[in-house]
*Asks:* 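One structure is given below, represented as structure tokens, and several questions about it will come after.
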Amino acid sequence: MDLTGVLTSFSDGSVYTVTRTAKRTIDANGRATAPSTSTLTVRDAVVTPLSGRDRQALPEGARGHETRLFLSPVALQTTTATTEADSIAIDGAAWLVITCEPWALGSYWRAVVQRVGVLG
Amino acid sequence: MSWTSIENALVAGVKAASGFASGAVLWTGQPVGQRAGSFITMQFGELVAEDPLTPQDTTAVDLTAVGAEITHSYRTVKEFTLSVAVYTAAVTGDSSALAVAAKTQNALILPTVRRALGAAGLGLLSVGAVRYMPAIKGTDFEARAFFECRFQVFETSSETTTYIERVWVGDTGLLVFPGVL
């Protein structure tokens, strides 16, 4: 059963800008270099509050942060050994992608995002 | 003294001592996210200033130059600790964090490494004990070993405290100090 259309219908038409940061490299003096960034636009995304169960799954120390569920038709990046976490502009603030996994009921990605600051 | 050159010299020293390449030795506290492979992080610890209030040097001043400012320089001996942490995937053998930390601990006292550190104004006072503390990372173990070193460095600060307001010249044309004649 594909519920992609159902989820798309929940979208309020907002367009979200995602900032993707290249993995920082370390120079010969042990300092991180300034990373390059690129942006992509996400449409038909749905932003909802995070359930208590999802909040419990967050790492200890991160459960008290302002957190939302970002259902996106495109895959988003988290912090790994080769990638930096994507930053999404939502309501004038930057939100960092903590986890991102395929949504089981359609062509969507289920990303948990945490607010990290106000956009400049 | 420049902290940038001190940091650079310390990284070069740890790289030379450990054999790790550029990019695998880094300062902590930077937004670099997860690291892959084996790497070493470095962090400054306690910084102690000894006898900071004794002026060590005063700039040479022409005592006949009315209006000349007098600047006092304070050279302070400082000691600081450097925490070195080694992270490796191998938990045993010559590539393990314990082995790398032990090798680095040893090699830091080699003359070439000490000379290079000395060129940046750094004196290595002591190298501490290695502690091996493997920990769980994800679903596996990661080898982690730590040790601390103590360094000494001179830092100079200066301020302009006063100036020559008046100069007395005697009959002989020589400089005369009030109260002396």
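Below, chain A is the first sequence line, B the second, and so on; all start at residue 1.
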*Asks:* With the 4.5 Å side-chain cut-off for hydrophobic clustering, are A/W109 and A/L3 part of the same group?
*Replies:*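 The answer is no; the residues belong to distinct hydrophobic clusters.
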*Asks:* Identify whether B/L125 and B/L122 are in the same connected component of the hydrophobic contact network (ILVMFWY, side-chain heavy atoms under 4.5 Å).
*Replies:*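 No: no chain of side-chain contacts under 4.5 Å links B/L125 to B/L122.
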*Asks:* Who in residues 87-107 of chain B is close to chain A, using a strict under-4.5 Å heavy-atom cut-off?
*Replies:*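 Hits under 4.5 Å: none found.
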*Asks:* Given that the side chain runs from C-beta out, which part of A/T79 has a heavy atom under 4.5 Å from chain B: side chain, backbone, both or neither?
*Replies:* both
*Asks:* For B/T41, is it the side chain, the backbone, both, or neither that has a heavy atom closer than 4.5 Å to a heavy atom of chain A?
*Replies:* neither
*Asks:* Please confirm whether the backbone N or O of A/A28 pairs with a side-chain atom of B/K15, one donor and one acceptor, at under 3.5 Å?
*Replies:*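 Confirmed, B/K15 side chain pairs with A/A28 backbone.
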*Asks:* Establish whether B/L124 and B/W3 are linked, either directly or via other cluster members, by ILVMFWY side-chain heavy-atom contacts under 4.5 Å.
*Replies:* yes
*Asks:* Does B/V86 belong to the same Ile/Leu/Val/Met/Phe/Trp/Tyr cluster as B/I136, with side-chain heavy atoms less than 4.5 Å apart forming each link?
*Replies:* yes
*Asks:* Starting from B/V48, can I reach B/I6 by hopping between I/L/V/M/F/W/Y residues whose side chains sit under 4.5 Å apart?
*Replies:* no
*Asks:* Test your reading of the model: is there a side-chain donor-acceptor pair from B/E7 to the backbone of A/R31, 3.5 Å cut-off?
*Replies:* no
*Asks:* Please check if the number of heavy atoms outside A/R43 that lie under 6.0 Å from its CZ is greater than 12.
*Replies:*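 Open.
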*Asks:* Between B/L10, B/V14, B/L26, who has the most heavy-atom pairs with chain A when the cutoff is under 4.5 Å?
*Replies:*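 The residue among B/L10, B/V14, B/L26 with the greatest pair count is B/L26.
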*Asks:* Within this structure, what is the CH2-CD1 distance for the pair B/W27 and A/I26, rounded to the nearest 0.5 Å?
*Replies:*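 Separation between the atoms: 12.5 Å.
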*Asks:* Report, by ascending residue number, the residues of residues 17-24 of chain B in heavy-atom contact with chain A at a distance under 4.5 Å; give 'none' if the set is empty.
*Replies:*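 Those residues of residues 17-24 of chain B which have a heavy atom under 4.5 Å from chain A are B/S22, B/G23.
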*Asks:* If every non-hydrogen atom of A/N29 is compared with every non-hydrogen atom of B/V11, which pair is closest and at what distance?
*Replies:* O-CG2, 3.3 Å
